[in-house]
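For reference, the structure is listed below as structure tokens.
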There are 2 protein chains.
Amino acid sequence: MVKKRSKNEAKRQQILNAAIQLFTEQGFAATSMELIAKNADVSKQTVYSHFGNKDELFSASIENKCESLHIFDFSLNDLTDPHTTLFNFAKAFTEFITSKEACAVHKICVFESTAYPQVSDLFYRAGPLRLTKEVTLLMEGLHQQKILCIENPKHAALQFLHMMKGELWMQIEFNTKERISSDEVDEYLRDSVAFFIRGYSF
Amino acid sequence: MVKKRSKNEAKRQQILNAAIQLFTEQGFAATSMELIAKNADVSKQTVYSHFGNKDELFSASIENKCESLHIFDFSLNDLTDPHTTLFNFAKAFTEFITSKEACAVHKICVFESTAYPQVSDLFYRAGPLRLTKEVTLLMEGLHQQKILCIENPKHAALQFLHMMKGELWMQIEFNTKERISSDEVDEYLRDSVAFFIRGYSF
DNA sequence: AAAATAAACTAGACAGTCCAGTCTAATATA
DNA sequence: TATATTAGACTGGACTGTCTAGTTTATTTT
């Protein structure tokens, strides 16, 4: 008869939190298990007891983060005013993809995509792929309600999402010193939404 | 009387080549100076004599690579047929940004942008910034020749370039297993060029 | 053109540091 | 009572950067 005492779930989460923070800040190779244990306020042995080795912990921490990043709620029911709807969505999207958290996970997943394709796949599915699918549905809706004339909704979704990235996203990606102002960002988004609607109007 | 013998330029280049290859393949932390020396067919001491330490070698190798990646020649003189001009440019652009070399440098510059902002800045200026400026000029040309109606040529350039990235670029970035076919890419590019022209036509 | 010289280069050893992962022995807890 | 947890020692290995001692090579002087 095996008596099994369950491992402390709180500690597990502490470890995952410390791990994702360090991994995203310093990268996989530059982060030591010892520091993760210390930051998680847990002994090194506990880390190894919860996660067999560094690779497993890395995968688990990315997976954990991807799940928590799923929360990007956009209520796009009101399609009657596409300008406002799309602009608001564009703003929310920009804020999301330029957030510290999202950028950090994005960065490490891309970087480790050759060594850990399964990890980067997690992010791809949870992020870009999921979002593209949702926006594709939105585009289909705009077409069916005769608000816009969108023959290929997937292409339109890709065009829209990529377009909205703009200059700010690049500057954050490359950590440049100068950053464009949020006014300029807004102007770019407004311009782009207007352009998008013009390009897909009847 | 100072006798100065210049260091071997060929060896310097061998070191830089080996360094950029390993750094882009394995990352900064995971690449050892010893292996760089070995791959460059040079002694470790020679590496240290040419480049004081690992950081310096890293910077130098990225700088060297950025210079060689400058070569993205697009002859965009013939503006009379914007569909063809923009499509050809879009194709060349896609091929360039999805090339192994460009992707690899992009990846490491983004990843090391916090630890080495000067390095990522090199790439940003040599790549995205330079290209955006050139395409902005193209957009101005299209406007002045009354081929398209582009009020804000910089926005148009950003929209165009970002839009063209599309799905393939994401799949390469995340190293996904499935890849869209080059036919699909062509279709996307054609669609996007048509959409772009529609959105900016008089 | 030959000899002299100073610097570049090589190979390898080396010190010092760090890290992944294991082991142990003691403690806490369900 | 069995298992989770802890702190810390420990192994084996890798890495950076230095040092040494000997070799090659470009340049300057004779």
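Residue numbers begin at 1 in each chain, while the letters A, B, ... track the order of the sequences. The structure displayed is predicted, hence computed values, not measured ones. Below, each value reflects all heavy atoms present in this structure, side chains not excepted, and no hydrogens, waters or symmetry copies.
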Problem - Side-chain N,O (A/H50) to OP1/OP2 (D/dA4) below 4.0 Å - result: no
Practice task
Could you tell me the separation between the CE atom of A/M33 and the C1' atom of D/dT6, rounded to a whole number of Å?
Solution key: 16 Å
Problem - Basic-acidic side-chain contact under 4.0 Å: B/K154, A/E167 - result: yes
Handout entry: Test item: side-chain donor near acceptor, A/D55 and A/Y116, under 3.5 Å
Key = yes
Exercise for the section: Output the single nucleotide from C/dT22, D/dG17, C/dG12 whose closest atom is nearest the side chain of A/Q45. Expected result: C/dT22
Completion exercise
Residues passing the ring pair (Phe, Tyr, Trp, His ring centres under 6.0 Å) test with A/Y124, sequence neighbours excluded, are B/F174
Problem - Interatomic distance where OH belongs to A/Y48 and P belongs to C/dT24 [whole Å] - result: 17 Å
Completion exercise
Contact check, residues 53-60 of chain A vs DNA chain C, heavy-atom distance under 4.0 Å, returns A/N53, A/K54
Practice task
Assign the ring pair B/F160 / B/F89 to parallel, tilted or perpendicular, where the plane angle (0 to 90°) is split at 30° and 60°.
Solution key: parallel
Completion exercise
Between CZ of A/F51 and C1' of C/dG21 the distance, given in whole Å, is 16 Å
Exercise for the section: Please state how far atom CD in B/E9 lies from atom C1' in D/dT25, giving the value in whole angstrom units. Expected result: 17 Å
Practice task
Tell me yes or no: between the side chains of A/E56 and A/Y48, is some donor less than 3.5 Å from an acceptor?
Solution key: no
Exercise for the section: Could you tell me the separation between the CD atom of A/E34 and the C1' atom of C/dT22, rounded to a whole number of Å? Expected result: 13 Å
Problem - d(CZ, A/F28; P, C/dC18) in whole Å - result: 19 Å
Practice task
Send over the distance from A/K38 NZ to C/dC18 C1', rounded to a whole Å.
Solution key: 15 Å
Handout entry: Touch class at under 4.0 angstrom, heavy-atom based, for B/K44 against every strand present
Key = base
Exercise for the section: Give the nucleotide from the list D/dA7, D/dC15, C/dC9 with an atom nearest to the side chain of A/S43. Expected result: D/dA7
Completion exercise
Judged by nearest nucleotide, the residue sitting upstream toward the 5' end of DNA chain C, B/S49 or A/S32, is B/S49
Exercise for the section: Ignoring hydrogens and angles, state whether a donor on the side chain of A/T46 or A/S43 is under 3.5 Å from an acceptor on the partner side chain. Expected result: yes
Completion exercise
So the salt bridge (Lys or Arg N to Asp or Glu O under 4.0 Å) pairs with at least one residue in residues 14-39 of chain B (sequence neighbours excluded) are B/E34-B/K44
Handout entry: Length of the line joining B/L35:CG and D/dT16:C1', which is rounded to integer Å
Key = 14 Å
Practice task
Establish, with yes or no, whether the OP1 or OP2 oxygen of D/dA4 is under 4.0 angstrom from a side-chain nitrogen or oxygen of A/T46.
Solution key: no
